[in-house]
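The next block holds one structure in the form of structure tokens; read it before the comments.
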Amino acid sequence: MKSLATSPNYVGLVKFLVQPFLESPESLRVDCEISKTLKRVWVRIAFDTTDKGKVFGRGGRNIQAIRTVIAAAAELAGQSVYLDIYGGASPGRESMSFDEEQEERILPPKSKERENNIPKPVVKPRLR
């Protein structure tokens, strides 16, 4: 049995899990940062944005399964893991984390605010 003091090969594990979903597996970039004092691992992956739908899957099922497998491996080693997903290598918005994109979105106003800001339709009587 493997010693719990050693970390799993996160880079190899992530490549093994993500590459089957990619049209061009060579576009996958994986970076791993391990903090021994905090017992935390940050795994960053980047791939072509055209493969985003396949990697995430319907309703995020694929990416959630990948996160679950990585978290299980980290738990066995007594660590916690964070997976960040980035777009292609081009600078700007494409290289921003998909998680950051979701946080950046502005939510629509709540129903009471919406009622105050949007004029109510005027009902006109029908003429025959």
Side-chain angles (χ1 to χ4, degrees):
M1 182 173 183
K2 213 176 194 184
S3 170
L4 294 178
T6 63
S7 291
N9 180 3
Y10 292 105
V11 174
L13 181 60
V14 170
K15 284 184 177 183
F16 176 78
L17 294 170
V18 175
Q19 279 181 342
F21 297 111
L22 302 176
E23 288 285 325
S24 54
E26 64 277 354
S27 71
L28 179 63
R29 300 287 178 256
V30 182
D31 178 51
C32 181
E33 182 180 333
I34 300 173
S35 172
K36 301 248 186 230
T37 56
L38 297 175
K39 295 187 179 183
R40 290 187 182 162
V41 179
W42 290 270
V43 179
R44 295 173 203 86
I45 63 173
F47 50 85
D48 288 338
T49 55
T50 55
D51 294 325
K52 177 181 165 184
K54 291 176 188 170
V55 172
F56 276 65
R58 185 172 292 177
R61 288 181 188 167
N62 294 346
I63 197 63
Q64 187 58 45
I66 291 167
R67 287 182 193 268
T68 302
V69 171
I70 295 168
E75 189 175 324
L76 284 174
Q79 300 170 329
S80 59
V81 68
Y82 300 93
L83 178 66
D84 290 332
I85 303 157
Y86 294 85
S90 62
R93 187 154 177 87
E94 291 299 314
S95 63
M96 182 183 285
S97 168
F98 294 137
D99 294 336
E100 289 174 17
E101 272 184 39
Q102 290 175 357
E103 290 173 5
E104 197 174 281
R105 293 183 189 145
I106 299 171
L107 297 174
K110 301 202 187 286
S111 59
K112 288 182 181 178
E113 293 172 352
R114 193 177 304 149
E115 290 174 7
N116 294 338
N117 294 339
I118 300 175
K120 295 182 180 177
V122 178
V123 180
K124 296 182 180 180
R126 286 185 147 173
L127 299 175
R128 290 186 185 217

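Cys32 has its side chain within reach of Val41: a pair of non-hydrogen atoms, C-beta onward, lies under 4.5 Å apart. Under the 4.5 Å side-chain criterion, counting only non-hydrogen atoms from C-beta, Val81 is not in contact with Trp42. Side-chain contact between Val55 and Leu22 is present, with at least one heavy-atom pair separated by less than 4.5 Å. The closest side-chain heavy-atom distance from Lys36 to Ser7 is below 4.5 Å.
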message: Quick one, Arg40 with Glu33, criterion salt bridge (Lys or Arg N to Asp or Glu O under 4.0 Å). Give me CA distance, side-chain angles, the key distance, then yes/no.
response: CA-CA 8 Å; Arg40 290 187 182 162; Glu33 182 180 333; over 6 Å; no
message: What verdict does the side-chain hydrogen bond (donor to acceptor under 3.5 Å, both in side chains) test give for Tyr10 and Gln79, after you've listed the backbone C-alpha separation in whole Å, the side-chain angles of each residue and the deciding distance to 0.1 Å?
response: CA-CA 12 Å; Tyr10 292 105; Gln79 300 170 329; 2.5 Å; yes
task: Applying side-chain contact (heavy atoms from CB on, under 4.5 Å), run through Phe21 and Ile66 and close with a yes or a no.
output: CA-CA 11 Å; Phe21 297 111; Ile66 291 167; 4.1 Å; yes
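In this structure, Lys54 and Asn62 approach most closely via the heavy-atom pair O-ND2, 2.8 Å. Nearest heavy-atom pair, Pro8 versus Ala73, reported as atom, atom and distance to 0.1 Å: CG-O, 3.6 Å.
Remark: the backbone N or O of Leu38 is paired with a side-chain donor or acceptor of Ser35 at under 3.5 angstrom. The closest donor-acceptor contact from the side chain of Arg29 to the backbone of Glu26 lies under 3.5 Å. Under a 3.5 Å cut-off, the side chain of Asn9 and the backbone N or O of Gly12 do form a donor-acceptor pair. At least one donor-acceptor pair closer than 3.5 Å links the side chain of Arg67 to the backbone N or O of Leu83. Proximity of a side-chain donor or acceptor of Asp31 to a complementary backbone N or O of Ile45 within less than 3.5 Å is not detected.
For Glu23, the CD atom sits in a loose shell: 12 or fewer heavy atoms of surrounding residues, nucleotides or ligands are nearer than 6.0 Å.
Residue Tyr82 is not grouped with residue Val18 when hydrophobic side chains (ILVMFWY) are merged at heavy-atom distances under 4.5 angstrom, including chains of intermediate members. Taking hydrophobic clusters as Ile, Leu, Val, Met, Phe, Trp and Tyr residues chained together by side-chain heavy-atom distances below 4.5 Å, Val43 shares a cluster with Phe56.
Summarising the geometry, atom CG belonging to Asp48 is positioned 10.0 Å from atom CG belonging to Leu28; distances are rounded to the nearest 0.5 Å. In this structure, the separation between CD1 on Ile85 and NZ on Lys52 is 10.0 Å, given to the nearest 0.5 Å.
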